[in-house]
Peer 1: 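First the structure, which I've put down as structure tokens, then a few questions once you've had a look.
This structure is a prediction, so every number in the text was calculated from the model and none was measured.
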Protein chains: 2
Amino acid sequence: MSARLQTDKSQAVEVAKELFWRRGFEDVSIEEVVKATGFNRYALYTAFGGKREIFLATLDAYYQERRSIFLTSLDDPDTAPLEAIRRVFEFAINEMAERGTGCMMCNAATAAGDPDPLVIERVETYLEEIRSAYIEALQRAQAREEINTTISIEAEAALFITLMFGLGVHARRGASSQEMMSVVDSTISLLANSRQP
Amino acid sequence: MSARLQTDKSQAVEVAKELFWRRGFEDVSIEEVVKATGFNRYALYTAFGGKREIFLATLDAYYQERRSIFLTSLDDPDTAPLEAIRRVFEFAINEMAERGTGCMMCNAATAAGDPDPLVIERVETYLEEIRSAYIEALQRAQAREEINTTISIEAEAALFITLMFGLGVHARRGASSQEMMSVVDSTISLLANSRQP
DNA sequence: TGATCTTTAGAACCATCATTCTAAAATGGC
DNA sequence: GCCATTTTAGAATGATGGTTCTAAAGATCA
């Protein structure tokens with residue numbers, strides 16, 4: 001009964017995520033969510049609370065999926081760290097460009113209106129996890145001498161996050177995955193070919 | 001008379017730009033624009049056409065201001081190209097972080113709903129100009145041997161645009177200008193310290 | 001089957017918004 | 001000062017949206 005309800009809820013979140021990812025919080029009406037999920041309107045309200053809570057649940061679901069894909073790739077001991085980072089971007093770029101929806105976190109952060117504190121809070125939590133994963137990968141890269149040992153790991157991790165944000169915007173303006181991958185490749189080359197300052 | 005009307009129009013655009021930049025197209029009502037500009041509602045419609053046209057005019061005004069600041073800095077013959085690029089980012093970051101509004105072009109591109117073709121078209125035009133300016137600066141940097149001559153100028157120009165987009169998103173999530181500048185500085189260092197592959 | 005509890009579909013409520021209409025006020029030329 | 005034109009403030013229009021209410025339908029279990 002409760003398990004069944006949870007299943008229904010996560011299915012509804014999956015469907016609503018698709019809508020919110022593509023068109024954002026403002027542009028998707030509850031009516032559309034009701035139609036797309038098959039959930040009863042009143043049941044949606046009792047299950048989630050309101051539109052905002054549904055949106056936050058979809059944002060969580062979006063992140064958890066990407067988190068598991070990213071961390072699996074970055075933690076793979078059989079892949080060189082820089083190549084693992086490259087693959088993370090490759091996956092993200094293919095997804096963002098193919099769908100033209102960009103990155104749901106970027107879209108949520110840049111949404112119209114004053115920033116929603118709950119959205120920002122979640123994004124901060126997500127970013128901290130991703131940042132740690134980049135830092136670990138970059139430390140391994142330094143240990144293997146794939147990259148210069150004088151480079152600031154923290155700064156490079158921040159660079160990767162900024163790149164991912166920027167690529168999310170590029171995807172929204174309709175950039176091709178080739179255009180986007182060339183940015184990533186050139187950054188990784190710079191990192192791999194950096195000499196002592 | 002017509003000159004006076006034009007003056008009034010550009011003053012109204014300035015005021016409306018402030019609103020749209022901070023809160024986006026959707027979240028600002030015509031009523032607010034009327035109150036903030038002092039324009040009569042009906043007069044606004046006869047002068048511009050509608051809300052969308054007012055927004056597009058503010059987006060143009062936003063870009064033209066930044067364009068002139070960027071190009072002036074990038075074309076300054078007394079400044080080393082990489083330093084000029086760094087100053088462009090410094091200006092943009094201070095503005096975006098201080099105001100917390102991010103980049104109006106990014107916000108417009110990632111806005112809720114299906115992307116507005118007229119917005120995308122304008123953003124593409126703006127980007128092409130900025131891209132050219134970066135490319136010229138990078139060519140001068142190569143000519144002065146500030147950067148490695150084997151580096152792809154086009155890829156680096158694309159990288160700078162992506163960085164600027166990403167920083168716009170960072171600003172919306174409340175990042176500090178220090179955090180944002182460190183990303184720029186580390187990228188420029190990578191570029192300056194790149195050896196032959 | 002029948003009584004109780006849950007779920008549902010749709011109406012109702014209240015608010016907001018872009019845009020247009022209208023009648024009053026202001027302006028300008030003579 | 002007076003008439004023609006422009007400008008204005010506010011109401012009207014038509015539409016949408018989030019949320020809640022309600023009465024009917026359905027499920028549960030004895």
Peer 1: Return the value, rounded to whole Å, for the distance between atom CG of B:Leu44 and atom C1' of C:dC17.
Peer 2: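 Distance check: B:Leu44 CG to C:dC17 C1' gives 15 Å.
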Peer 1: If the condition is side-chain contact (heavy atoms from CB on, under 4.5 Å), which residues does A:Glu31 pass it with, not counting sequence neighbours?
Peer 2: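 For A:Glu31, the residues satisfying side-chain contact (heavy atoms from CB on, under 4.5 Å) (neighbours in sequence not counted) are A:Ser29, A:Arg41.
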Peer 1: Specify the separation, in whole Å, of atom CZ of A:Phe55 and atom P of D:dT19.
Peer 2: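 One finds 14 Å between P of D:dT19 and CZ of A:Phe55, rounded.
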Peer 1: Before accepting this row, confirm whether a basic side-chain N of the pair A:Arg140/A:Glu136 lies closer than 4.0 Å to the acidic partner's carboxylate O.
Peer 2: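 Between A:Glu136 and A:Arg140 there is no salt bridge, as every charged N stays at least 4.0 Å from the carboxylate O atoms.
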Peer 1: For B:Arg23, check side-chain contact (heavy atoms from CB on, under 4.5 Å) against everything at least two apart and list the hits.
Peer 2: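 Testing B:Arg23 for side-chain contact (heavy atoms from CB on, under 4.5 Å), a comparison that skips the adjacent residues, returns A:Asp114, B:Leu19, B:Asp27, B:Val28, B:Glu32.
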Peer 1: Which residues pass the salt bridge (Lys or Arg N to Asp or Glu O under 4.0 Å) test with B:Glu146, not counting sequence neighbours?
Peer 2: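 Checked B:Glu146 against salt bridge (Lys or Arg N to Asp or Glu O under 4.0 Å); matches are B:Arg144.
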Peer 1: Considering only heavy atoms from C-beta outward, does the side chain of B:Met96 approach that of B:Cys103 to under 4.5 Å?
Peer 2: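 Yes, close enough: below the 4.5 Å cut-off.
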Peer 1: Which residues within residues 22-32 of chain B lie with some heavy atom under 4.0 Å of an atom in DNA chain C?
Peer 2: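 Hits under 4.0 Å, by residue number: B:Val28, B:Ser29, B:Ile30.
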Peer 1: How close or far is atom P of C:dC21 from atom OH of B:Tyr45, stated in whole angstroms?
Peer 2: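 That distance rounds to 13 Å.
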Peer 1: Name each donor-acceptor pair under 3.5 Å that joins a side chain in residues 152-166 of chain A to protein atoms two or more places apart or in another chain, with its distance.
Peer 2:
residue  : atom : partner  : partner atom : Å
A:Ser152 : OG   : A:Ala155 : N            : 3.1
A:Thr162 : OG1  : A:Ala158 : O            : 2.7
A:Thr162 : OG1  : B:His170 : NE2          : 3.0

Peer 1: Rounded to whole Å, please give me the gap between NZ in A:Lys51 and P in D:dT20.
Peer 2: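 So the two atoms are 15 Å apart, to the nearest Å.
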Peer 1: Can a cation-pi geometry be assigned to A:Arg66 and A:Tyr62, taking NZ or CZ under 6.0 Å from the six-membered ring centre and within 45° of the ring axis?
Peer 2: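 Yes, a cation-pi geometry.
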Peer 1: Less than 4.0 angstrom from a charged side-chain N to a carboxylate O is my criterion; do A:Arg86 and A:Glu90 meet it?
Peer 2: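 A:Glu90 and A:Arg86: salt-bridged.
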Peer 1: Take atom NZ of B:Lys35 and atom P of C:dA18, then tell me their distance rounded to the nearest Å.
Peer 2: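 So the NZ-P distance, B:Lys35 to C:dA18, works out to 13 Å.
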Peer 1: Between atom CZ in B:Phe48 and atom C1' in C:dT19, what is the gap in whole Å?
Peer 2: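 B:Phe48 atom CZ is separated from C:dT19 atom C1' by 16 Å.
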Peer 1: For nucleotides 8-11 of chain C, list the nitrogen or oxygen atoms of the protein found under 3.5 Å from its nitrogen or oxygen atoms, one pair per line.
Peer 2:
residue : atom : partner : partner atom : Å
C:dA9   : OP2  : A:Asn40 : ND2          : 3.1
C:dA9   : N7   : A:Asn40 : ND2          : 3.3
C:dG10  : N7   : A:Arg41 : NH2          : 3.1

